Amino acid sequence: MNCEGDFMQLEQILHNSESYTAPDWLVAQANLADFDNEYARSIADPEGFWGEWAKRYTWFQPWTKVMEWEYPNHRWFVGGQTNITANALDRHANGPNRTKLALIWIGEDGSERKVTYYELRNLVSRFATGLKALGVQKSDTVVIYMPLTLEGVIAMLACARIGAIHSVVYAGMGVGALRDRIIDAGAKIVIAGNIGYRRGKVIDLRSIVEQAVDGLALRHLIWYQRGAKQALRPQEIDCEELLNAHKPETAPEPVDAEHPLYILYTSGSTGKPKGVVHVHGGYMVGTAYHLRHFYDVKDNDVYWATSDIGWVVGHSYIVYAPLIEGITSVFREGAPDFPDPGVIWQQVERYGVNVMFTAPTAVRMFMKFGADYPQKYDISSLRLIAVAGEPLNPEAMRWAHEHLVDSGRRGFVADNWWQTELGGPTIATPLTMPAKLGAAGVALPGVEAVIVNEKGETVPKGQGGLLALKRPFPHMMRTIWHDHARYEQYWNEIPNVYTAGDVASWDENGYISVLGRSDDVLNVAGHRIGTADVESALITHPAVAESAVIGVPDAIKGEAIKAFVVLRLGQETDDAVKQSIIEHVRRELGAIATPSAIQFVEKLPKTRSGKIVRRLLKAQELGKDPGDLSTLED
Ligand code: AMP
């Protein structure tokens with residue numbers, strides 16, 4: 001292939017014809033039976049489509065227009081008033097779901113707390129009354145730095161209930177990251193936990209918070225205190241006392257559909273993190289739509305997203321969408337392999353989990369520990385496992401299909417691609433369609449996805465380029481907090497489309513394979529190759545557990561491929577293994593994608609949400625500045 005100038009043409013080099021289908025009984029009961037028809041409706045008449053779904057929710061004032069689209073700004077349910085918690089809480093607490101379990105929280109030590117919709121509504125309402133008593137008002141920003149606990153969720157919902165804007169910062173981020181986010185959000189109120197638990201250890205969050213807020217003019221600091229309580233200083237409030245001192249008398253504040261619900265910081269590949277803003281109305285409608293239609297959740301399901309409230313999956317699919325839809329949602333604090341690698345499956349058996357949402361990094365970890373762990377438990381309740389966050393390597397997909405859903409007899413494993421900015425699944429494999437290995441799936445209802453080159457021209461099917469979206473949908477971000485120009489960049493980098501920063505290819509049937517981040521693309525002898533293909537080929541070698549590849553300067557080829565490899569347990573780290581891995585990739589992908597160097601490493605640099613950070617490896621290799629590292633695990 002010829003690649004001149006900046007012209008972005010990408011080659012998919014890993015070709016996989018393998019695909020899996022869901023069992024007939026599962027397809028027969030799919031919430032979205034006729035995908036093609038639904039999709040066509042959503043594109044032909046987006047206002048009719050989303051307006052119809054939105055009618056199932058409580059609105060204090062009806063909207064006058066479903067969508068206003070003035071490139072690149074979009075508004076949904078214009079003129080409508082609602083409050084997401086009226087739908088996530090009151091709609092159920094005052095109805096037939098009153099005594100139904102809303103949330104089941106599991107501690108790392110196996111302890112458990114359960115709350116019904118009625119109880120949760122009252123807890124949130126009490127907390128909201130307490131916030132109001134402290135002077136917190138509509139549109140105030142509140143930073144939440146809490147371990148994954150019931151109180152963390154209650155704090156989010158209480159802010160939303162009074163129209164305050166929450167900004168959850170993952171309670172694993174350090175002092176600088178927390179401080180920057182408090183300042184950028186302009187938060188005068190911080191709700192924080194004093195400790196967290198991970199791998200049996202107590203994590204001291206208090207000292208991180210104290211350093212982060214040092215010298216900042218906060219109005220209040222609310223502590224959720226576990227273990228021994230400490231004496232509080234002026235302006236400091238104990239969360240439990242706040243809850244106990246107030247009555248559940250705060251009704252949801254009617255807010256404009258476009259009123260900001262939250263800010264969630266996502267780290268750009270370089271530079272300062274961006275505060276992605278989602279709103280009450282459209283976000284509620286869109287995320288809940290996909291919980292039903294893509295995640296296929298039924299009224300009586302037990303549903304578990306193994307994420308954290310610090311990430312967008314936690315916002316959309318631990319907290320908001322399941323509650324909006326009146327589902328019982330499980331969430332768990334702690335590492336997925338502690339106290340032992342079977343703990344996830346033990347919980348699936350314990351609660352009879354039906355639908356699980358997890359990440360490729362978790363699947364690769366399950367695979368590393370082996371099938372004995374899931375086999376020790378009865379996980380036959382699981383019928384759908386949705387995976388998002390990174391490319392789901394074919395090898396990991398194969399393993400999950402075989403060992404977690406009994407080779408497709410018991411259920412389906414579905415990839416889904418999205419971003420913090422997009423709020424919910426965007427490109428994904430509905431269970432009524434075959435899951436093609438290496439492909440994330442097709443554009444979901446409401447989504448018009450294209451693959452373009454750098455001039456914005458659509459590339460032919462079968463080719464690769466930049467993944468782009470041609471129109472907005474209700475649950476897509478509205479702005480970047482205090483930096484609308486940065487929002488506009490998403491829509492202006494390439495004319496007339498939203499670019500996601502990912503490279504991808506598509507096939508004749510509209511299946512899209514996400515090949516990696518565009519910043520990470522390898523350019524070997526004029527061939528532009530995504531990182532996912534090479535990494536996926538690497539992990540099919542029996543010695544390899546995980547890998548990351550980068551391009552390093554090469555006098556002849558422009559760039560050569562260097563692979564960082566984590567070996568499976570008990571493997572030798574000698575040259576023979578290196579050679580055999582190189583040979584293996586050559587066989588799988590051909591000479592062009594063969595790594596010229598392999599380095600064995602103990603682990604790969606990852607974000608705390610489990611994504612491999614290739615730019616750090618590259619910066620280290622080239623002795624350059626790695627940019628923002630606030631979301632890094634180690
Ligand atoms: P975040 O906003 O932190 O959730 O990260 C979004 C990015 O994660 C996307 O732009 C992709 O690079 C990657 N990503 C998420 N889901 C997938 C998926 N199913 N397949 C491939 N990449 C994914």
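This chain uses plain numbering: 1 for the first residue, then up along the sequence. Just so it is clear, the model here is predicted, and its values are computed rather than measured. Counting convention: from 1, in listed order, for ligands and their atoms alike.
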Can you tell me which residue and heavy atom of the protein come closest to [atom], and the distance to 0.1 Å?
{"atom": "atom 12 (O) of ligand 1", "result": "Asp502 OD1, 2.8 Å"}
{"atom": "atom 4 (O) of ligand 1", "result": "Lys611 NZ, 3.5 Å"}
{"atom": "atom 16 (N) of ligand 1", "result": "Gly389 N, 2.9 Å"}
{"atom": "atom 1 (P) of ligand 1", "result": "Thr420 OG1, 3.5 Å"}

Look at [X] together with [Y] and state whether they make a salt bridge at an N to O cut-off of under 4.0 Å.
{"X": "Glu559", "Y": "Lys618", "value": "yes"}
{"X": "Asp308", "Y": "Arg608", "value": "no"}
{"X": "Asp519", "Y": "Arg614", "value": "no"}
{"X": "Arg528", "Y": "Glu11", "value": "no"}

Would you kindly specify which portion of [X] sits under 4.0 Å from ligand 1, judged on non-hydrogen atoms: side chain, backbone, both or neither?
{"X": "Trp418", "value": "backbone"}
{"X": "Ala440", "value": "neither"}
{"X": "Asn416", "value": "backbone"}

May I ask whether Pro391 has any heavy atom positioned less than 4.0 angstrom from an atom of ligand 1? yes
Candidate list Leu384, Asn416, Thr426, Leu32, test side-chain contact (heavy atoms from CB on, under 4.5 Å), partner Phe294, passing option: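 One option only clears the test, and that one is Asn416.
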Under 4.0 Å from any heavy atom of Val514, which atoms of ligand 1 are there?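 Matching atoms, with element in brackets: 21 (C), 22 (N).
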Could you check whether any side-chain heavy atom of Leu538 comes within less than 4.5 Å of a side-chain heavy atom of Val585, counting everything from C-beta outward? yes
Parallel, tilted or perpendicular: which fits the ring planes of Trp76 and His74, with parallel below 30° and perpendicular above 60°?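 Geometry flag for His74 against Trp76: perpendicular rings.
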So which of Gln419, Glu421, Glu390 gets nearest to atom 22 (N) of ligand 1, if we judge by its closest heavy atom?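 Among Gln419, Glu421, Glu390, the closest heavy atom to atom 22 (N) of ligand 1 belongs to Glu390.
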